[in-house]
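Below is one structure; the comments refer to it alone.
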Amino acid sequence: MQTILVNELRQRYGDFEAVGGISFEVGEGELFALLGTNGAGKTTTLETLEGFRNAGSGTVRVLGHDPYRERRALRPQLGIMLQEAGFFADLTVAETVDQWRRFTPSPRERDEVLGMVGLPQQTEVRTRQLSGGQKRRLDLALALLGRPRVLFLDEPTTGMDPEARHATWKIVRELVADGTTVLLTTHYLEEAEQLADRLAIMHRGRIEVAGTVADVVAGQGDRITFRVPDRVPVSDLPTLCGAVADIAVESGRAVAGYRVQGLQASLYELLRWAEHHRLELDGLQARSASLEDVFLHTAAATPEGAVR
Amino acid sequence: MNSSRLKDLVQPMSLSHVLAVARLDLTLLLRNRSVLFSVVGMPLLFGGMLFGFRGQETGGLDMALFAGTGYLAFFLVFAVFMNLVSVFTARREDLTLKRLRSGSLSDSEVFGGSLVVSGAIYLIQALLLVVVLGTALGGPWPANPLLMLAGMLAGVVVFALLAFAISGLTPNADMAQLTVVPVMFASMAGSGVMFPLEFLPGAAREAAGMLPLSPLVDIVRTGYFGQDHTVGGTQSDIGFVEAWIRCLKPFAVFALWTVVGLWSARRWFRWEPRHA
Ligand SMILES: Nc1ncnc2c1ncn2[C@@H]1O[C@H](COP(=O)(O)OP(=O)(O)O)[C@@H](O)[C@H]1O
Ligand SMILES: [Mg+2]
């Protein structure tokens with residue numbers, strides 16, 4: 001049984017379709033990241049899995065339960081860090097955790113959980129006085145109180161400074177190492193790259209690509225570019241391991257680009273061709289595709305307002 | 001979207017969860033001056049006014065006792081109705097309601113905890129007022145306290161449901177001062193709290209008897225004096241059983257309002273702010 005199962009999920013707000021038929025699965029002990037721009041439908045998807053709203057159509061299951069209908073049975077096994085939720089401003093950090101412990105079956109000790117998230121010094125601070133990053137840590141602390149089997153983190157590090165972000169990544173890695181299943185959303189590429197066993201890139205309510213970071217990046221090919229030398233007509237450019245050049249114009253000069261599978265063989269062909277024609281290749285660049293390439297590529301493929 | 005509203009008011013509840021929510025509510029109440037004023041200050045103010053009514057008569061009764069028994073019912077509007085409208089509106093808008101729903105609490109436990117606190121405040125206020133009536137204002141002790149208590153508990157349920165519905169129609173906590181006015185005004189003026197309804201023409205009297213607070217005013221007064229104070233009642237002395245029988249109609253009106261309250265809370269209550 002998959003710990004999280006999403007099959008053809010659709011979700012609408014009035015006439016607007018926020019999630020347009022997505023499917024993915026998360027296995028036990030896995031960390032799955034939903035990566036996407038604002039408005040992609042990540043929060044809507046997470047809140048459906050958390051049982052806040054019923055699936056518009058399609059199926060969702062968490063630990064074998066329908067999260068909306070069987071919320072009561074499921075919730076004690078979940079840890080939920082919402083993208084945005086309020087704290088009672090008049091309560092201190094300690095009071096907030098203590099209060100939450102009363103709502104949680106067999107909770108962790110207050111000191112333990114505040115230590116885990118790095119807030120042990122702030123117990124007497126009122127929540128209204130916490131910084132954005134500290135609030136996020138308290139959010140995480142509350143999500144961890146019940147030793148959840150499945151943890152949902154909706155943009156867990158937004159508003160944190162780099163140090164706090166790295167500290168949070170460390171906590172999440174440790175939880176995954178202990179067997180917790182984590183579904184996380186983020187718009188930080190690095191966060192997904194650092195943490196995710198597998199990820200999906202979501203855009204305008206759909207999953208455009210999914211798999212391990214390596215899978216996702218591999219599908220995109222590597223990239224070779226150089227300026228087309230003046231005396232070479234574009235039609236004379238070689239094919240590299242079967243890939244044809246695409247031509248872009250940058251500051252008045254033609255730039256040839258190739259999307260290839262495997263840099264080494266393609267580069268070898270290119271350099272042999274240049275050597276043969278005694279050409280100097282200005283601005284030659286060769287690099288593996290990055291997650292960023294894929295991300296920008298999916299976002300650009302369906303621009304704002306495009307008809308799908 | 002439907003599901004961001006009220007799913008089901010009646011779900012299994014864990015007593016310890018309800019009490020934990022109640023404890024949270026009480027802590028927050030004691031730290032919030034304006035809410036504290038409306039549950040402590042207002043009843044004091046109204047209670048004080050009773051002393052000015054001493055010696056006057058209305059509807060064949062001492063006016064202080066008549067109005068005082070009216071207040072026994074009317075305090076429900078402050079302690080339960082207005083309190084819950086503002087608490088649930090404020091919590092929805094600052095997203096603490098969403099946080100309360102993000103753990104193991106069920107929706108009915110979130111409602112239940114707040115209901116227990118506001119209901120308890122109301123019953124304590126009513127008890128204190130009974131003591132004031134029976135001592136400082138020279139009134140009798142309640143003839144039928146069980147009937148009064150039953151009416152009060154039914155009233156707590158009805159006005160809590162109305163509060164959940166109205167909070168869904170209230171855009172923010174400040175506006176709660178305004179959106180509670182219709183129910184408050186109808187309860188104050190049309191339910192026989194301060195003035196007897198007997199002088200109204202028959203149809204208007206029947207209509208006034210259908211307002212949500214009217215059953216409680218009738219039940220409380222009937223139970224307190226041991227006389228028939230229901231709409232069109234004779235005010236003659238009645239016994240324990242007859243008092244209950246005379247109050248069947250007010251309880252039926254409450255049952256009707258429970259249905260209306262459930263329906264409108266289902267329709268209007270919202271857990272989350274409207275999307276900007
Ligand atoms: N309660 C709501 N009512 C109407 N539209 C909404 C609501 N919540 C989200 N949306 C819209 O649905 C789309 C997806 O939102 P969301 O799931 O929050 O995306 P993400 O978390 O990826 O930023 C957005 O266009 C957003 O404006
Ligand atoms: Mg989001």
Side-chain angles (χ1 to χ4, degrees), chain A residues 11-14 16 18 43-44 46-48 50-56 67-92 95-96 98-107 126-128 135 138-139 142-146 148 152 154, chain B residues 1-8 10-36 87-110 112-114 173 270-276:
Chain A
Q11 209 57 288
R12 325 182 58 91
Y13 297 106
F16 175 72
T43 297
T44 305
L46 239 64
E47 290 189 357
T48 307
E50 291 157 354
F52 280 97
R53 52 192 88 241
N54 203 355
Y68 183 72
R69 287 197 181 75
E70 297 163 328
R71 195 173 115 189
R72 196 178 173 78
L74 182 58
R75 274 295 179 83
Q77 308 181 68
L78 305 186
I80 295 177
M81 183 173 173
L82 294 166
Q83 180 173 345
E84 208 186 350
F87 289 109
F88 293 103
D90 292 332
L91 298 186
T92 65
E95 287 170 327
T96 303
D98 289 347
Q99 188 61 55
W100 218 249
R101 292 184 75 246
R102 295 188 196 104
F103 301 151
T104 309
S106 49
R126 301 217 172 214
T127 59
R128 69 165 91 242
K135 282 191 176 140
L138 183 54
D139 263 328
L142 299 186
L144 296 180
L145 262 186
F152 292 98
D154 199 350
Chain B
M1 178 177 288
N2 231 351
S3 45
S4 69
R5 298 207 188 116
L6 189 68
K7 193 169 75 173
D8 235 324
V10 194
Q11 300 163 328
M13 282 189 239
S14 124
L15 185 63
S16 73
H17 279 176
V18 172
L19 292 180
V21 176
R23 180 172 171 173
L24 170 66
D25 257 57
L26 199 60
T27 310
L28 296 171
L29 182 97
L30 293 174
R31 291 189 190 176
N32 184 327
R33 288 218 185 84
S34 67
V35 180
L36 204 57
V87 162
F88 274 82
T89 306
R91 286 188 189 170
R92 183 188 68 225
E93 294 304 310
D94 70 12
L95 294 175
T96 46
L97 205 47
K98 185 155 186 183
R99 173 168 314 274
L100 282 174
R101 284 184 96 206
S102 72
S104 293
L105 294 177
S106 69
D107 293 351
S108 49
E109 288 162 355
V110 174
S114 299
R270 306 180 59 85
W271 288 103
E272 292 178 29
R274 249 165 245 284
H275 198 63

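This one's a predicted model, so the numbers in the text were calculated from it and none came from an experiment. Letters A, B, ... mirror the listed sequences (proteins, then strands); counts begin at 1.
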Determine the option with the most heavy-atom pairs under 4.5 angstrom with chain B, choosing from A/T104, A/D139, A/L74.
->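 Maximum pair count with chain B is reached by A/D139.
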Chain B contact via [X] - which portion, at a heavy-atom distance below 4.5 Å:
X: A/L91; result: both
X: A/E95; result: side chain
X: A/Q99; result: side chain

Heavy-atom side-chain contact between A/R102 and B/L24 under 4.5 Å =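 Not in contact.
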Less than 4.5 Å apart, any side-chain heavy atom of B/S102 and any of A/W100?
-> yes
Using every non-hydrogen atom in the two residues, find where [X] and [Y] come nearest and quote the distance to one decimal.
X: A/F88; Y: B/R91; value: CE2-NE, 3.7 Å
X: A/F52; Y: B/E272; value: CD2-OE2, 4.3 Å
X: A/R71; Y: B/L105; value: NH2-O, 3.3 Å
X: A/P76; Y: B/S104; value: CA-OG, 3.5 Å

In terms of heavy-atom pairs under 4.5 Å with chain A, the winner among B/V21, B/T27, B/L100 is B/L100
Heavy-atom pairs under 4.5 Å with chain A are the metric here; pick the option from B/S14, B/S16, B/G103 that has the most.
->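 Of the candidates given, the most pairs with chain A belong to B/G103.
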Answer yes or no: is there an ion pair linking B/E109 with A/R72, defined by an N-O contact shorter than 4.0 Å?
-> yes
Without swapping roles, check the side chain of A/R75 against the backbone of B/R101 for a donor-acceptor pair under 3.5 Å.
->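 Indeed, once roles are kept as given, a pair shorter than 3.5 Å links the two residues.
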Indicate yes or no for a side-chain donor-acceptor contact from B/R31 to the backbone of A/D90 under 3.5 Å, with no hydrogens or angles considered.
-> yes
Side chain, backbone, both or neither of B/L19 within contact of chain A (heavy atoms, under 4.5 Å) = neither
